[in-house]
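Predicted model, so just to flag it, every value in this text is computed and none were measured.
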Amino acid sequence: MRVAISGAGVAGTALAYWLDRAGHTPVLIEQAPRFRTGGYMIDFWGVGYRVAERMGIEEQICELGYDVNCLRSVSHDGEVKAELGVETFRRMLDDDFISLPRGDLAAAIYRTIDGRVEARYGDSISTIEQLGNGVRLSFEHAPPEQFDLVIGADGLHSTVRRLEFGPEGDYLHYLGCQVAACVVDGYRPRDDLAYVTYNTIGHQIARFALRGDRTMFLFVFRSADSSDETPPKQRLRNEFGQLGWECPQILDAVDDVEDLYFDVVSQVRMNRWSRDRVLLIGDAAGCISLLGGEGTGLAMTEAYVAAGELVRADGDHRRAFDAYESRLRPLISSKQVSAQRLVGFFATRTRFGLWFRNVAIRTMNFSPVATLFSGSVRDDIELPDYAI
């Protein structure tokens, strides 16, 4: 089958890989003018890690990634308030755990299809017309075409979801926070292999030292207004400009950044992920939120399962889409519940919350306590072998 995939991010490129392996002809359609390499730091483990092994990219990911030693929480004057060693969790996950920039993971996936799969940049789908024997698409720039299937892998603000299922306001559930992320060259100080965070009520700023004398920053802050149109850099100054630690110099460094990621922290909740020949995967279907910590791995899993169920159904898209949703919906729903609980870890509401966060970080250094917590990071799903 000829399959149009809207979105050349992690979900879309992983799906293109598996569809190509299965003998289909995927076509990637990406609004951005070129492949996107930006983003934020992610922890990669669990079922997504197993999919990466089946794709043969585990070694690349480990070479690109970082064996983070600890999560460190500091006060306004830089004093270490709490520190959590990562090794305990790494052992619980059988060492299948690595931290890396999201863009580096996306690039590793893209290399598996580069030169094999058609990728169209600088264009997007403008209309979707379902026909009896296919789907007719019109585009912002290219002439209309017909495909057998259309997959929306275009993220939290999915165009395919809006065109086929209705306004995003019907499905997006705002969790009360906004985020920003960027990479800065030559920032000092550096704390190699330590994820350093500074928290105040309703705010967190974190930094991580990358190779090549680069530093990645993540900003999280609570906001009742998800539609504030203040320019992102000014918004960050409004929120963090009067705070302590390194906030003033970090904001000065961010002023020179061209590629700044800025978005709301939201979940996508839908009753159905497909409609006839149109299917949603990744954040477009069931975003658990950026703060959930596993969205990238889940997107890779959804791509693998969607392609695999098409193989099992011998091309019967309706049967395949139903099986895909039945297999994955319980996992995604449970991850969304866990992600909602994590909002307070990133942006606490009270001084007691700040105190309790540091106590919890210190306590989880003890293996029995970490073992209790590990249930929320393990993936309760059996990954099928689709023989593709």
Side-chain angles (χ1 to χ4, degrees), residues 39-49 68 70-73 81-86 88-90 92-93 97 99 102 156 172-181 195-208 216-224 226 239 261 263-269 282-283 286-299 301 330-365 369-381:
Y40 40 88
M41 203 72 178
I42 63 169
D43 294 323
F44 189 60
W45 79 89
V47 66
Y49 198 104
V68 177
C70 66
L71 166 69
R72 183 176 299 151
S73 177
K81 305 298 289 184
E83 190 167 290
L84 170 63
V86 177
T88 300
F89 292 101
R90 189 173 280 115
M92 288 178 187
L93 297 167
F97 179 96
S99 301
R102 189 179 191 276
L156 182 66
L172 257 62
H173 293 259
Y174 180 54
L175 299 187
C177 287
Q178 298 183 35
V179 294
Y195 193 79
V196 185
T197 70
Y198 166 62
N199 285 68
T200 63
I201 296 174
H203 296 77
Q204 182 188 102
I205 187 168
R207 60 169 166 83
F208 185 81
M216 179 174 287
F217 295 103
L218 177 70
F219 303 81
V220 183
F221 62 93
R222 287 190 180 271
S223 174
S226 62
E239 294 290 339
Y261 172 87
D263 208 345
V264 294
V265 177
S266 296
Q267 293 184 337
V268 174
R269 303 174 196 163
D283 283 353
C287 177
I288 67 170
S289 90
L290 179 148
L291 304 183
E294 202 180 354
T296 305
L298 294 174
T301 303
L331 175 66
I332 300 302
S333 296
S334 69
K335 295 294 181 180
Q336 287 187 327
V337 171
S338 296
Q340 290 180 69
R341 299 192 189 110
L342 284 173
V343 172
F345 177 83
F346 288 91
T348 56
R349 292 182 183 275
T350 64
R351 291 193 180 277
F352 174 79
L354 291 172
W355 173 83
F356 183 79
R357 176 183 183 274
N358 289 331
V359 170
I361 289 174
R362 290 192 293 266
T363 304
M364 281 192 289
N365 283 294
V369 177
T371 301
L372 290 173
F373 175 76
S374 68
S376 65
V377 300
R378 293 189 181 276
D379 297 327
D380 186 17
I381 183 174

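Between the CH2 atom in W45 and the OG atom in S99 there is a gap of 9.0 Å [rounded to 0.5 Å]. Between atom CZ of residue R362 and atom CG of residue L84 there is a gap of 11.5 Å, rounded to the nearest 0.5 Å. Between the CZ atom in F345 and the CD1 atom in I361 there is a gap of 4.5 Å [rounded to 0.5 Å]. In this structure, CD in Q267 is found 10.0 Å from CG in L172, a value given to the nearest 0.5 Å. The CD1 atom of I42 lies 4.0 Å from the OG1 atom of T296; values are rounded to the nearest 0.5 Å. To the nearest 0.5 angstrom, R269 atom CZ is 6.0 Å from Q336 atom CD.
For the pair L298 and I288, the minimum side-chain heavy-atom distance is below 4.5 Å. Here the side chains of V343 and R222 are in contact, with some heavy-atom distance below 4.5 Å. Looking at V268 and L156, their side chains come closer than 4.5 Å, going by heavy atoms from C-beta outward. Annotation: side chain of V68 is in contact with side chain of F208 (closest heavy-atom distance under 4.5 Å). By the 4.5 Å heavy-atom criterion applied to side chains, R102 and L290 are not counted as neighbours.
Considering all non-hydrogen atoms of both residues, T348 and G344 come closest at CG2-O, 2.7 Å. Here the shortest heavy-atom pairing between E239 and H203 reads OE1-NE2, 2.8 Å. Across all their heavy atoms, Q178 and S223 have their closest contact at NE2-OG, 3.4 Å. Between A347 and C177 the shortest heavy-atom distance is CB-SG, 4.0 Å. Scanning all heavy atoms of the two residues, the minimum distance from Y174 to S266 falls at CA-OG, 3.5 Å. The shortest heavy-atom contact between L71 and T197 is CD1-CG2, 3.7 Å.
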**Request:** Would you check, one step at a time, whether the test side-chain contact (heavy atoms from CB on, under 4.5 Å) holds for R357 with Q204?
**Result:** CA-CA 12 Å; R357 176 183 183 274; Q204 182 188 102; 3.3 Å; yes
**Message:** With side-chain contact (heavy atoms from CB on, under 4.5 Å) as the criterion, how do Y195 and V86 come out once you've worked through the C-alpha distance, each side chain's angles and the decisive distance to 0.1 Å?
**Reply:** CA-CA 10 Å; Y195 193 79; V86 177; over 6 Å; no
**Message:** Under the criterion side-chain contact (heavy atoms from CB on, under 4.5 Å), I'd like the reasoning laid out for L218 against I205: C-alpha separation, chi angles, the key distance, then a yes or no.
**Reply:** CA-CA 6 Å; L218 177 70; I205 187 168; over 6 Å; no
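The aromatic rings of Y40 and Y261 sit tilted relative to each other, their planes meeting at an angle between 30° and 60°. Below 30°, between 30° and 60°, or above 60°: for F352 and W355 the angle between ring planes is between 30° and 60°, a tilted geometry.
Side chain of N199 to backbone of F346: a donor-acceptor contact under 3.5 angstrom is found. Put simply, the side chain of S333 never gets that close to the backbone of P330: no donor and acceptor are under 3.5 Å apart. Between the side chain of N365 and the main chain of E83, a donor-acceptor pair closer than 3.5 Å is present.
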